[in-house]
Amino acid sequence: MPVLEVFLTAELFLFKSFREYSTFLNKKALKTLLNLPKIDSFRTMHQANASFFKHPELIQLFDRYATYNGSDPYKAPATLNIIQHVEYGIGGFTLKGGIYSLSRAMTDVALKLGVEILTNHPVDEIVLACNNVHGVCCRGKVIDDPNRVIGVRCGEKVIEADIVVSNSDVTNTYKKLLNDSQVAPARKYYKTEPSSSALVFYWGVQGEYPQLKMHNVIFSDDYKKEFTEIFDKGEVPDDPTIYIYISSKYNPTDAVENGENWFVMINMPPGKEETALDIQSIKEKIIEKVNKTLDIDLNKKIIFERVLTPQMIEEKTSSVFGSLYGISSNNRFAAFLRQDNRSKEYNGLYFCGGSAHSGGEIPLVILSGKIVSDLISKYEV
Ligand SMILES: Cc1cc2nc3c(=O)[nH]c(=O)nc-3n(C[C@H](O)[C@H](O)[C@H](O)COP(=O)(O)OP(=O)(O)OC[C@H]3O[C@@H](n4cnc5c(N)ncnc54)[C@H](O)[C@@H]3O)c2cc1C
């Protein structure tokens, strides 16, 4: 994948808001628009990979990158093949102390800047001037715009604010926090296809397994069937691809001595209720496949277990349907369907996070925060 392509797409699709004229009216954007055929959006990732590689397993390996944003390689545009380039061509990085150290570092910066952080304050409502029971006044200022946000309500407590940035799922923000599922972007967003969810087993495993590395994937035999089951039939895949991440390979103190910490994940259809899942039989299927592939007997080696289901993901994060990455990229227009970072309907309301532009995954979520901060500087300061 030529490097030019990465920069063409990143500049236009990831770093800026789509709804700002300035995003398109500049030399770099013009260059991208003139080079649109190069971003390969008219064929699917699978079609492109099948043209690049001959061996079916290589094609399957590269098709897997569609799942990095919860999509189906047989439907998602080949533009997303830039993900492989970023991973192999530029390289992956890991954080000392794991991904949590990123939130710690951002918290430290925020505190140094004088930000007051309130945790354990679930927001029940984004308060608008028109429905403020305390009168149309915010922080001593009279507000004459009924659609202006003036703060948030947590239980009985109203916290006044000139600007509200919602990092909660877009559908959840409209439906529950604004009580407005009929507003145009909410209706549009609700009709889009969600990205995939996941079922995760966190296992403490006795012994060490040199045949495994930090990242491991045990593929299904029929990849097309697996994605049809997930996205078209809404079923748990019969023969799931299994991802095993073992951080103790890199950082031994993450696990007990003579043990490993396995994060075992399979892709799941979004929206599967826990009652519709036979977790025990899925677990047995996974163990059987791991045993067969590695020639081991895992059954008596699992000394610790936690499970994360799609329903739990929704409950913990508010991500509707337990989707990992907001909407899927299963059509070439998906990038344009995501919620804009600045609300047109509610003044002073901004969106960031996995379901807003520029999409799910930690790097993009952080970029969405950067886009919002740029927009706030432009419109509110
Ligand atoms: C099992 C799993 C594996 C993943 N693997 C990867 C990976 O390898 N690489 C990668 O880049 N991404 C991965 N992701 C995706 C990544 O975690 C998400 O895209 C990202 O966390 C989304 O960020 P966010 O800030 O939008 O949402 P979240 O990280 O879910 O944060 C939203 C926060 O807002 C809080 N919240 C929601 N509503 C309210 C409310 N009303 N009041 C107060 N607080 C509220 C939630 O409690 C939550 O803490 C994975 C996700 C899962 C579940």
Side-chain angles (χ1 to χ4, degrees), residues 44-47 60 63-77 80 168-176 181 186-201 217-243 263-289 307-335 337-339 353-356 359-361:
T44 65
M45 287 182 87
H46 175 74
Q47 285 166 340
Q60 188 173 15
D63 278 354
R64 178 177 153 74
Y65 286 86
T67 66
Y68 274 36
N69 73 2
S71 303
D72 174 347
Y74 300 91
K75 293 178 183 160
L80 291 177
S168 193
D169 181 277
V170 169
T171 300
N172 185 63
T173 302
Y174 283 119
K175 217 169 151 181
K176 298 211 176 123
S181 40
R187 279 190 284 132
K188 185 188 82 178
Y189 197 84
Y190 204 71
K191 279 190 217 144
T192 54
E193 184 183 31
S195 59
S196 57
S197 188
L199 178 66
V200 183
F201 294 92
V217 184
I218 305 175
F219 279 99
S220 59
D221 289 335
D222 186 342
Y223 220 27
K224 176 92 176 87
K225 180 168 171 269
E226 183 178 353
F227 285 100
T228 303
E229 286 165 341
I230 294 173
F231 284 104
D232 298 337
K233 298 185 177 169
E235 289 171 1
V236 181
D238 184 42
D239 171 25
T241 293
I242 304 167
Y243 169 63
F263 167 101
V264 181
M265 180 172 122
I266 62 166
N267 289 317
M268 291 283 283
K272 267 272 176 251
E273 297 275 324
E274 218 149 286
T275 45
L277 291 180
D278 183 351
I279 293 175
Q280 186 57 27
S281 78
I282 301 173
K283 177 180 164 181
E284 282 165 15
K285 203 179 267 185
I286 292 175
I287 290 179
E288 192 189 326
K289 190 162 165 175
V307 183
L308 183 69
T309 65
Q311 192 178 324
M312 287 159 80
I313 294 172
E314 173 158 4
E315 284 160 8
K316 276 171 185 282
T317 67
S318 89
S319 180
V320 173
F321 303 123
S323 292
L324 303 189
Y325 310 98
I327 63 171
S328 76
S329 292
N330 285 345
N331 76 64
R332 83 175 73 103
F333 303 107
L337 300 176
R338 288 203 179 87
Q339 169 65 44
S355 56
E361 286 190 357

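Side chains are part of it too, since the values below use all heavy atoms of this structure and drop only hydrogens, waters and symmetry mates. By convention here, the first residue in the shown sequence is residue 1.
Here the closest non-hydrogen pair linking Val200 and Met265 is CG2-CG, 4.0 Å. Residues Ser329 and Ser71 come closest through the heavy atom pair N-OG, 2.8 Å. Residue Gly70 comes nearest to Ser328 through the heavy atom pair O-CB, 3.9 Å, listed as atom of the first residue, atom of the second, then distance.
Taking the six-membered ring where the residue is Trp, Phe263 and Tyr243 present perpendicular rings, their angle passing 60° and hence far from 30°.
Take Lys176 and apply the salt bridge (charged side-chain N to carboxylate O under 4.0 Å, His left out) test, not counting sequence neighbours, and it matches no residue. When the ring pair (Phe, Tyr, Trp, His ring centres under 6.0 Å) test is applied to Phe231, no partner is found at least two apart in sequence or on another chain. Not counting sequence neighbours, the partners of Glu284 by the side-chain hydrogen bond (donor to acceptor under 3.5 Å, both in side chains) test are Gln280. Remark: Asp63 engages His46, Asn49 in a side-chain hydrogen bond (donor to acceptor under 3.5 Å, both in side chains) (not counting sequence neighbours). Residues satisfying the salt bridge (charged side-chain N to carboxylate O under 4.0 Å, His left out) criterion with Glu229, sequence neighbours excluded, are Lys225.
Side-chain atoms of Asp72 do not come within 3.5 Å of backbone N or O of Asn330 as any donor-acceptor pair. With Gln339 contributing its side chain and Asp169 its backbone, the two residues share no donor-acceptor pair below 3.5 Å. Here the side chain of Lys289 pairs a donor or acceptor atom with the backbone of Pro240 at under 3.5 angstrom.
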Quiz item: After noting the C-alpha distance and the side-chain angles of Gln60 and Val217, does the key distance pass the side-chain contact (heavy atoms from CB on, under 4.5 Å) rule?
Solution: CA-CA 11 Å; Gln60 188 173 15; Val217 184; over 6 Å; no
Practice problem: Begin from the C-alpha positions of Val236 and Met268 and carry the test side-chain contact (heavy atoms from CB on, under 4.5 Å) through to its verdict. | Solution: CA-CA 6 Å; Val236 181; Met268 291 283 283; 3.8 Å; yes
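Side chains of Leu308 and Lys316 form a contact here, defined as non-hydrogen atoms less than 4.5 Å apart. Side-chain contact between Leu337 and Asn331: present, with at least one pair of heavy atoms (C-beta onward) separated by less than 4.5 Å.
The distance from atom CD1 of Ile287 to atom CZ of Phe201, rounded to the nearest 0.5 Å, is 8.0 Å. The CD1 atom of Ile242 sits 11.5 Å away from the CZ atom of Phe219 when rounded to the nearest 0.5 Å. To the nearest 0.5 Å, the span separating CZ on Arg64 from CG on Asn267 amounts to 7.0 Å. Taking CD1 from Ile327 and CZ from Arg338, the interatomic distance works out to 4.5 Å, rounded to the nearest 0.5 Å. If you take CD on Glu314 and OG1 on Thr309, they are separated by 10.0 Å, rounding to the nearest 0.5 Å. One distance of note links OG1 of Thr171 with OH of Tyr190; it measures 7.0 Å at 0.5 Å rounding.
Residue pairs satisfying the salt bridge (Lys or Arg N to Asp or Glu O under 4.0 Å) criterion with at least one member in residues 271-283, sequence neighbours excluded, are listed as follows: Lys283-Glu305.
Residue Tyr325 forms a side-chain contact (heavy atoms from CB on, under 4.5 Å) with just one option from Ser355, Ser195, Ser197, Ser319, and that option is Ser195. For the side-chain contact (heavy atoms from CB on, under 4.5 Å) with Glu226, the lone residue among Thr228, Ile230, Asp222 that qualifies is Ile230.
Taking a 6.0 Å sphere around CD of Glu235, one finds it holds more than 12 heavy atoms contributed by other residues, nucleotides or ligands.
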